[in-house]
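Shown next, in structure tokens, is the structure this report addresses.
Count residues from 1 along the sequence. For clarity, every value in this text was computed on a predicted model and none was experimentally measured.
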Amino acid sequence: MHLLLTGATGLVGSAVLQTMLTTPSISKISILSRRPVAQAEGHSKAKVIIHKDFTEYGTDILDGLRDVQGVVWALGISSMKVGKEEYELITQTYALSFARALSKTTSPSPLTFIYISGEGATPTPSLFTAHWALTKGRTESALLALSKDPSYANLRPLSLRPGGVDMNDHHEIHKWVGERGWAEALALPVMRALPGIKGLMSPTRELGGVAVRLAMGGGGVQERRGVSGEGRTLNNSAIRRLAGI
């Protein structure tokens with residue numbers, strides 16, 4: 001199976017890549033990245049495609065992706081690091097641009113598209129909804145709407161909303177991710193220790209496993225607790241349930 005990953009140098013992307021690299025049934029991994037991905041070096045089934053403009057994709061990129069069956073879109077940035085317009089560009093425009101391009105390329109074969117969103121995302125804001133949450137929620141909705149367009153009928157989007165992403169016990173990725181910010185260093189140990197808060201966490205090993213299994217699974221509608229968006233949006237409780245934690 002051929003899967004594609006973006007955001008491989010980030011926290012969630014690194015966890016997803018670790019799972020992909022150690023899953024025997026995945027025979028090829030294409031990694032779309034602005035810079036080299038050290039974690040992928042030495043792995044023959046992983047190919048890093050250096051790409052600078054995530055709004056445009058030429059045949060030089062797409063021709064090698066015609067047999068991709070699943071995507072994990074983990075590309076993202078903290079809303080604290082960029083302005084609103086740039087955040088929308090990176091979070092929404094990039095994801096939709098690639099979904100359109102790859103859907104056309106792989107059609108009529110089904111294409112599962114796993115979008116890494118975040119707990120708290122919503123397409124229906126209130127007075128107090130943060131800009132990041134609205135942007136991610138709108139991206140979820142836009143991907144769902146795109147899949148209903150006859151021109152992109154092969155697209156099978158699923159959005160994951162992880163909670164507090166925690167790599168503490170995922171030692172294999174520590175050297176690839178590096179040190180986290182001071183806020184995480186202070187907050188995460190407390191969150192791990194409190195029973196009522198622990199359920200809000202998304203350990204990276206389990207999160208990466210769920211994302212990859214869904215990417216390999218054909219993109220079917222999900223059911224049961226923690227699922228919304230016509231069966232295509234999974235909140236943190238659903239992620240934890242699928243991970244068995």
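Between Ser25 and Met216, the closest heavy-atom pair is OG-CE, 3.0 Å. Residues Ile116 and Ala211 come closest through the heavy atom pair CD1-CB, 4.5 Å. The two residues Ala46 and Ala40 make their nearest non-hydrogen contact at CB-CB, 4.0 Å. When every heavy atom of Ala142 is checked against every heavy atom of Gln92, the shortest pair comes out as CB-NE2, 4.3 Å. Of all heavy-atom pairs spanning Leu158 and Gly231, the tightest one is CD2-O, 3.9 Å. A pairwise comparison of heavy atoms in Thr19 and Gly208 identifies OG1-C, 3.7 Å as the closest pair.
Atoms CG and OG1, on Leu4 and Thr112 in that order, are 12.5 Å from each other to the nearest 0.5 Å. The CG atom of Asn154 sits 6.0 Å away from atom CG of Leu111, with the distance rounded to the nearest 0.5 Å. Here CG of Leu11 is found 5.5 Å from CD1 of Ile173. Values are rounded to the nearest 0.5 Å. Rounding to the nearest 0.5 Å gives a distance of 10.0 Å between CG of Leu134 and OH of Tyr87. Rounded to the nearest 0.5 angstrom, Ser78 OG and Trp132 CH2 are separated by 10.5 Å. Summarising the geometry, atom OH belonging to Tyr152 is positioned 6.5 Å from atom CG belonging to Asp149; distances are rounded to the nearest 0.5 Å.
Its side chain outside the 4.5 Å cluster rule for every partner, Leu144 clusters with none of the Ile, Leu, Val, Met, Phe, Trp and Tyr residues. Clustering of Ile, Leu, Val, Met, Phe, Trp and Tyr side chains at separations under 4.5 Å leaves Ile245 isolated, with no partner residue.
Val37 and Ile49 are assigned to two separate hydrophobic clusters, defined by single-linkage of ILVMFWY side chains at heavy-atom distances under 4.5 Å. Under the 4.5 Å side-chain contact rule for hydrophobic residues, Val165 and Ile90 do not share a cluster. Grouping the Ile, Leu, Val, Met, Phe, Trp and Tyr side chains by contacts below 4.5 angstrom, directly or via other members, places Val16 with Val210. Hydrophobic clustering, with ILVMFWY side chains joined whenever heavy atoms are under 4.5 angstrom apart, keeps Ile50 apart from Leu75. If you chain together hydrophobic residues whose side chains sit under 4.5 Å apart, Leu32 and Met1 never meet in one group.
In this structure a side-chain-to-backbone donor-acceptor pair under 3.5 Å is present from Asn236 to Gly163. For the pair Asp166 (side chain) and Met201 (backbone), a donor-acceptor distance under 3.5 Å is absent.
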When you look at Glu119 and Asn235, which way does the side chain to side chain contact (heavy atoms under 4.5 Å, CB included) test go after all the steps?
-> CA-CA 6 Å; Glu119 189 79 339; Asn235 69 17; 3.2 Å; yes

Just do the side chain to side chain contact (heavy atoms under 4.5 Å, CB included) check on Val177 and Met167 with the steps written out, would you?
-> CA-CA 9 Å; Val177 176; Met167 69 170 186; 3.9 Å; yes

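Within the 4.5 Å cutoff, the side chain of Thr55 has heavy atoms near those of the Leu89 side chain. Residues Phe113 and Leu143 meet the side-chain proximity criterion, which asks for heavy atoms closer than 4.5 Å. Taking 4.5 Å as the limit, some side-chain heavy atom of Tyr115 sits within range of a side-chain heavy atom of Thr91. Between Val12 and Thr204, the closest side-chain pair of non-hydrogen atoms is not below 4.5 Å. Contact annotation: the side chain of Met20 approaches that of Leu5 to within less than 4.5 Å [non-hydrogen atoms, C-beta and beyond]. Counting heavy atoms from C-beta on, the side chains of Leu3 and Lys28 never come closer than 4.5 Å. Taking 4.5 Å as the limit, every side-chain heavy atom of Thr6 sits out of range of all side-chain heavy atoms of Ser33. At a threshold of 4.5 Å between non-hydrogen side-chain atoms, the residues Ser159 and Leu234 do not count as touching.
In this structure, Ser27 has no side chain to side chain donor-acceptor pair (under 3.5 Å) partners at least two apart in sequence or on a different chain. Not counting sequence neighbours, the partners of Ser14 by the side chain to side chain donor-acceptor pair (under 3.5 Å) test are Gln39. Take Arg240 and apply the side chain to side chain donor-acceptor pair (under 3.5 Å) test, not counting sequence neighbours, and it matches no residue. When the ring-ring contact (aromatic ring centres under 6.0 Å, His included) test is applied to His51, the partners found at least two apart in sequence or on another chain are Phe54, Tyr57.
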In a table with atom names and distances, give each donor-acceptor pair under 3.5 Å that connects a side chain of residues 219-230 to protein atoms at least two apart or in another chain.
residue	atom	partner	partner atom	Å
Gln222	NE2	Gly220	O	3.0
Glu230	OE1	Lys148	NZ	3.0
Glu230	OE2	Lys148	NZ	2.8

Would you give me the side-chain donor-acceptor pairs under 3.5 Å for residues 60-73, sequence neighbours excluded?
residue	atom	partner	partner atom	Å
Asp63	OD1	Arg66	NH2	2.9
Asp67	OD1	His2	ND1	2.7

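Listed by first then second residue, pairs satisfying salt bridge (charged side-chain N to carboxylate O under 4.0 Å, His left out) with a partner in residues 1-17 number zero, not counting sequence neighbours. Here salt bridge (charged side-chain N to carboxylate O under 4.0 Å, His left out) pairs that include residues 97-117, with residues two or more places apart or in two chains, number zero. Judged as a salt bridge (charged side-chain N to carboxylate O under 4.0 Å, His left out), not a single pair has a partner in residues 74-90 (not counting sequence neighbours). Among residue pairs with one or both ends in residues 128-143, those qualifying as salt bridge (charged side-chain N to carboxylate O under 4.0 Å, His left out) are Glu140-Arg161; sequence neighbours excluded.
At a cut-off of 3.5 Å, with distance as the only test, a side-chain donor of Ser126 or Thr129 sits close to an acceptor on the other residue. In the model, Arg156 has no side-chain atom that pairs as donor or acceptor with a side-chain atom of Ser147 under 3.5 Å. Counting only N and O atoms by type, the side chains of Thr122 and Thr124 include a donor and acceptor under 3.5 Å apart.
With a 6.0 Å radius and a threshold of 12 heavy atoms from other residues, nucleotides or ligands, Lys45 has its NZ atom above the threshold.
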